[in-house]
Protein chains: 2
Amino acid sequence: MAAVTVALRNGLDQTTTEAIAIEAGISTRTFFNYYNNKQAAILGEAIRLDIKGAGWFVESSGPILDDLAKLLGQGLHEDPLDRALLLKIIAVVDANPTLHDMFRTQVDETSSSISGLLETRLGSDLAIESRLLAELSTRALTEAVVAWAADETMTVDSVTVQIAANLRSVSKIMCQ
Amino acid sequence: MAAVTVALRNGLDQTTTEAIAIEAGISTRTFFNYYNNKQAAILGEAIRLDIKGAGWFVESSGPILDDLAKLLGQGLHEDPLDRALLLKIIAVVDANPTLHDMFRTQVDETSSSISGLLETRLGSDLAIESRLLAELSTRALTEAVVAWAADETMTVDSVTVQIAANLRSVSKIMCQ
DNA sequence: GTAAATATTGCACACTGTGTATTATTATGC
DNA sequence: GCATAATAATACACAGTGTGCAATATTTAC
């Protein structure tokens, strides 16, 4: 929170670990006990979602896009997102391409999990396809979450709907 | 080249900017005149491809997946890839997750270009879909290039074929 | 062969990140 | 309450990153 505050107030250039530590009222050494770097402090755990108890996904034979949307949307329910904080984080990330990398790294971790589940469901001869589809899905998730953050009328449930809509729309384009 | 050499020989931990500079026979200051950081030195321009003269892509009404594969494959022809160097780079990246970020950053730049072209072709009401499809395509490119690097019998042209195959396979899964 | 343009380098400096030892703080049992 | 153990915070030293700037070397052009 301190990191985001400083970054929004003073810009990322002025957001030294020292400035964050002062804002948080701790020493810089303590800061590094909790975050590996300032990027991690700014991004926090806002986006990362852990996929657990997803046996149903592997077994299911329903429409795969809907299952993916459900899987990703379900991850969001674990610990509810803070819309105001997320908006601030998005603002900082948008203004600082440097942060984009680490944001992607977080999303990639989710993508990896999804990829594993997909490979189990589809079979290991579709490993490449699993990775591609996982990437596409997590990107659809990102788009949906960003849309959710910006629109106060959206519920968390509607994120699932949005993800499914995004994926279906892409599949329509691809299959034409 | 010096950066990759040192990274493979001594591991990324030991690959300080000083070590790279010594290997290259230059000062560290000169190193930083050419690369912003050691990650950039290791990755080089191996993957990045610039999309130019892609008017045909925007105008075309052919199968979009084939056009995408053609577009990406064409970018590879600009300056021919060095298979041996690429293999080394892939080895270093695989061994060091830290580098993964910067690799993705490079690929993202390509993705951005593709996204812009797609949005022009599909219309701005399909902006989200354009971004998703661009991401999927560049990821398919990465998979294909990695496969190419590992298989000496593959030609650069077959990368295009591979990309198209990957995309078609995914679309088949999505549309089922 | 000289002068201008360009490249390389040395140096100082602010910042990042980690290991280690020391000091606070908190928790626990009695 | 109080001594003690566990945990957290901090100070400090240090290796490394990256940049600005001025000085020096090298190349280019005429």
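To find a chain, count down the sequence lines: A is the first, B the second, and so on, and within it residues start at 1.
Between the side chains of B:Glu129 and A:Ser169, at least one donor N or O lies within less than 3.5 Å of an accepting N or O.
Not counting sequence neighbours, B:Asp101 has no partner by the salt bridge (Lys or Arg N to Asp or Glu O under 4.0 Å) test. B:Arg83 pairs by the salt bridge (Lys or Arg N to Asp or Glu O under 4.0 Å) definition with nothing, not counting sequence neighbours. In this structure, the salt bridge (Lys or Arg N to Asp or Glu O under 4.0 Å) partners of A:Glu109, at least two apart in sequence or on a different chain, are A:Arg48.
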Using nucleotides 23-27 of chain D, report all nitrogen or oxygen pairs with the protein that are shorter than 3.5 Å.
none

Output one line per pair: protein atom, nucleotide atom from nucleotides 15-18 of chain C, and distance, for all N/O pairs under 3.5 Å.
unit_1	atom_1	unit_2	atom_2	d
C:dT16	OP1	A:Lys38	NZ	3.2
C:dT16	OP2	A:Thr17	N	3.2
C:dT16	OP2	A:Thr17	OG1	2.8

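Note: CG (A:Asn33) to C1' (C:dA24) measures 14 Å, nearest angstrom.
For the salt bridge (charged side-chain N to carboxylate O under 4.0 Å, His left out) condition, no pair includes a residue of residues 25-34 of chain A, sequence neighbours left out. Judged as a disulfide (SG to SG under 2.5 Å), the pairs with a partner in residues 122-176 of chain B (not counting sequence neighbours) are, in order, A:Cys175-B:Cys175. Identified under the salt bridge (charged side-chain N to carboxylate O under 4.0 Å, His left out) test for residues 134-153 of chain B, with sequence neighbours left out: A:Arg104-B:Glu135, A:Arg131-B:Glu143, A:Glu135-B:Arg139, A:Arg139-B:Glu135, B:Arg104-B:Glu135, B:Arg139-B:Glu143. Within the structure, salt bridge (charged side-chain N to carboxylate O under 4.0 Å, His left out) contacts touching residues 161-176 of chain B (residues at least two apart or in different chains) are B:Asp66-B:Arg168.
Of the side-chain N and O atoms in A:Thr30, one or more sit less than 4.0 angstrom from OP1 or OP2 of D:dT10. For D:dA9, one of the phosphate oxygens OP1 or OP2 lies less than 4.0 angstrom from a side-chain nitrogen or oxygen of A:Tyr34.
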